[in-house]
Amino acid sequence: MGSSMKPLLISDQDFNRMVRFVKGNYGIDLHQKRQLMQSRLSSLIQSKGFGDFKDYVDYLLTRGTGEDINQLLSKLTTNYTYFMRETESFDYFVKAILPQITRRHQSDKSLALWSAGCSSGEEPYNVTMYLLDYFGGQAGAWDTRILATDLSVEVLNKAQRGVYQLPDTMPAKWKQDYFVPAPGGRYQVAPKVRRNVIFQQFNLMEPIRFRKKFDVIFCRNVMIYFDQPTKNALIRRFYDATAPGGYLIISLSENLPPDLPYKRVATSIFQK
C-alpha cells in the first residue's frame with residue numbers, strides 16, 4: 001500500500017513540533033532526521049486518512065492515543081537487533097561478571113538483570129542461554145529471570161512470540177537445546193528460555209522504580225538515539241538503579257562521558 005503513495009513533505013513548523021514532542025516525551029533526538037521522518041511516516045499518515053503532516057501532528061499532539069504513539073515510535077526507531085551480537089561483551093559477562101554476582105547472591109540465589117531497550121527480544125533470550133549454560137544442573141535452584149523492557153509494544157509482542165530466523169553464528173548445541181523448529185525455516189525460543197524473560201513496556205525517560213536494584217543492566221544500541229544531556233541523565237538513573245558492585249553494559253560503539261559515576265572495567269562495560 002505505502003509504496004504507491006508519494007512521500008508527504010513536512011513544513012519547518014510541523015517538523016519542529018514533532019522533534020520537540022518526541023524529544024520531550026521519549027528522549028529520542030530527531031532534529032537531523034527530517035528525511036527519515038518524511039519517508040517513514042508518509043504512508044502511516046495517509047493510511048490513517050490524514051491529508052498532510054500538519055493534520056497528523058495536530059491530531060497526535062492533542063488527541064493521540066497510546067496506540068498512535070506506538071505506531072509512530074516503531075516507524076521512527078530502527079529495532080535492529082540479532083542473536084550473538086557483540087559476543088565479546090557476553091564473554092566478559094560469563095567469565096568475569098557471573099562468577100562475581102553469583103558469589104554475592106549465594107544465600108538468596110536470585111540475580112536481578114535488566115535488558116533495557118530489548119527490542120524484539122534477542123538480547124534477553126541470548127543472556128538466558130548463557131545463564132543456563134553457566135548454571136548447568138544448578139539452574140533450577142536460581143532465580144535468574146530477566147526484566148526486558150522496550151518503548152514499543154509492537155516489538156514486545158514479537159519478542160514474546162520468540163520466533164526468529166537464526167544466524168549462522170548460532171552454536172549448533174544452542175540451536176538444539178534452546179530452540180524448537182517453527183514453520184518457514186525459522187525457530188522458536190524453547191519454553192524454558194522464554195519463561196526466564198519478563199517483558200514489559202517501559203519508557204526510559206521515566207523514573208526507574210523497579211523493586212530491586214540490578215546486578216547487571218544491558219542497554220546496548222539504545223542511547224545512540226539520545227542527545228548527550230538526555231544520555232547523561234539516563235545513565236545517572238541507571239546508576240541509582242544498579243546494586244553496589246553491579247554493572248552497566250553498553251554497546252561497543254558507545255561510550256560514557258568520564259564525569260559519570262560508573263568505573264570502566266572493560267570495553268563498553270562499567271561497574272558501580
Side-chain angles (χ1 to χ4, degrees), residues 27 81-119 121-136 138-139 142-150 169 171 174 196-197 202 204 207-272:
T81 177
Y82 48 92
F83 284 109
M84 313 306 287
R85 184 177 197 173
E86 300 188 350
T87 47
E88 44 273 66
S89 296
F90 286 135
D91 290 343
Y92 189 90
F93 172 69
V94 173
K95 294 192 179 94
I97 296 177
L98 270 178
Q100 204 175 40
I101 61 178
T102 47
R103 271 198 305 277
R104 204 179 296 152
H105 288 286
Q106 211 46 60
S107 58
D108 65 351
K109 300 241 182 315
S110 171
L111 302 180
L113 308 170
W114 179 17
S115 169
C118 65
S119 189
E122 286 91 334
E123 178 179 87
Y125 288 140
N126 225 166
V127 173
T128 297
M129 293 168 204
Y130 282 106
L131 289 164
L132 289 170
D133 271 13
Y134 180 82
F135 285 109
Q138 289 297 301
W142 283 78
D143 177 1
T144 59
R145 282 172 306 169
I146 299 170
L147 173 69
T149 66
D150 203 276
T169 49
W174 277 18
N196 194 59
V197 183
F202 181 71
L204 289 172
I208 299 171
R209 295 207 184 96
F210 296 112
R211 211 164 39 87
K212 290 165 82 171
K213 300 274 190 208
F214 294 99
D215 297 301
V216 185
I217 298 173
F218 290 86
C219 185
R220 306 188 305 160
N221 300 293
V222 175
M223 293 187 281
I224 47 177
Y225 297 109
F226 301 159
D227 65 11
Q228 206 54 55
T230 305
K231 238 183 261 193
N232 294 358
L234 174 59
I235 290 157
R236 292 202 167 87
R237 288 198 296 281
F238 278 152
Y239 188 81
D240 292 339
T242 305
Y247 293 87
L248 171 67
I249 300 180
I250 62 176
S251 84
L252 300 177
S253 59
E254 303 172 294
N255 212 339
L256 296 193
D259 59 332
L260 288 170
Y262 284 103
K263 165 171 125 272
R264 187 171 171 274
V265 290
T267 308
S268 76
I269 298 177
F270 300 81
Q271 187 175 23
K272 175 164 173 170

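Position 1 is the first residue of the sequence, and the numbers go up from there.
Side-chain contact check for Ile97 versus Ile249: some heavy-atom pair is nearer than 4.5 Å. The shortest distance between side-chain heavy atoms of Ile250 and Leu248 falls below 4.5 Å. The shortest distance between side-chain heavy atoms of Val197 and Arg145 does not fall below 4.5 Å. A 4.5 Å side-chain heavy-atom check between Pro257 and Lys231 finds every atom pair outside the cut-off. Side-chain contact between Ile146 and Asn196 is present, with at least one heavy-atom pair separated by less than 4.5 Å. Side chains of Val127 and Tyr125 form no contact here, defined as non-hydrogen atoms less than 4.5 Å apart.
The main-chain N or O of Asn221 is found under 3.5 Å from a side-chain atom of Glu254 such that the two form a donor-acceptor pair. Of the possible donor and acceptor atoms, one in the side chain of Lys213 sits under 3.5 Å from a partner among the backbone N and O of Asp240. Not a single donor-acceptor pair under 3.5 Å links the side chain of Asp215 to the backbone N or O of Tyr247. At distances below 3.5 Å, at least one donor-acceptor pair connects side-chain atoms of Thr242 with backbone N or O atoms of Phe238. The main-chain N or O of Val265 is never found under 3.5 Å from a side-chain atom of Gln271 such that the two would form a donor-acceptor pair. Counting only distance, with no hydrogens or angles, the side chain of His105 and the backbone of Leu111 share no donor-acceptor pair below 3.5 Å.
The aromatic rings of Phe218 and Phe90 are tilted relative to each other, their planes meeting at an angle between 30° and 60°.
For the pair Lys272 and Tyr239, the cation-pi criterion (under 6.0 Å, within 45° of the ring axis) is fulfilled.
Across every non-hydrogen atom of Gly245 and Arg104, the tightest pair is O-NH2, 3.3 Å. Considering every non-hydrogen atom in both Leu131 and Leu113, the closest pair reads CD1-CD1, 3.7 Å. Nearest heavy atoms, Pro99 versus Tyr134: CA-OH, 3.2 Å. Contact record, Ile208 with Ala241: CG2-CB, 3.7 Å, taken as the closest heavy-atom pair.
Aromatic ring centres of Trp114 and Phe210 lie closer together than 6.0 Å. If you look at Tyr130 and Trp174, their ring centroids are closer than 6.0 Å.
More than 12 heavy atoms of other residues, nucleotides or ligands lie within 6.0 Å of CD in Gln228, so this atom counts as buried by the packing criterion.
Cys219 contributes atom SG, which lies 12.0 Å from atom CZ of Phe270 (distance to the nearest 0.5 angstrom). Rounding to the nearest 0.5 Å gives a distance of 11.0 Å between CG of Asn232 and CZ of Arg237. Considering CD of Glu123 and SG of Cys118, their distance stands at 8.0 Å, rounded to 0.5 Å. Atom CZ of residue Arg264 and atom CD1 of residue Ile269 lie 9.5 Å apart, to the nearest 0.5 angstrom.
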Can you list the steps and then say if Leu256 with Ile235 is a side-chain contact (heavy atoms from CB on, under 4.5 Å)? CA-CA 8 Å; Leu256 296 193; Ile235 290 157; 3.2 Å; yes

Would you please test Leu252 and Ser89 for side-chain contact (heavy atoms from CB on, under 4.5 Å) and show each step? CA-CA 8 Å; Leu252 300 177; Ser89 296; 4.1 Å; yes

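With no hydrogens or angles considered, no side-chain donor-acceptor pair links Thr102 and Lys109 at under 3.5 Å. Of the N and O atoms on the side chains of Ser268 and Tyr92, not one donor lies less than 3.5 Å from an acceptor on the other residue. Between the side chains of Asp150 and Ser119, no donor-acceptor pair is found at a separation under 3.5 Å.
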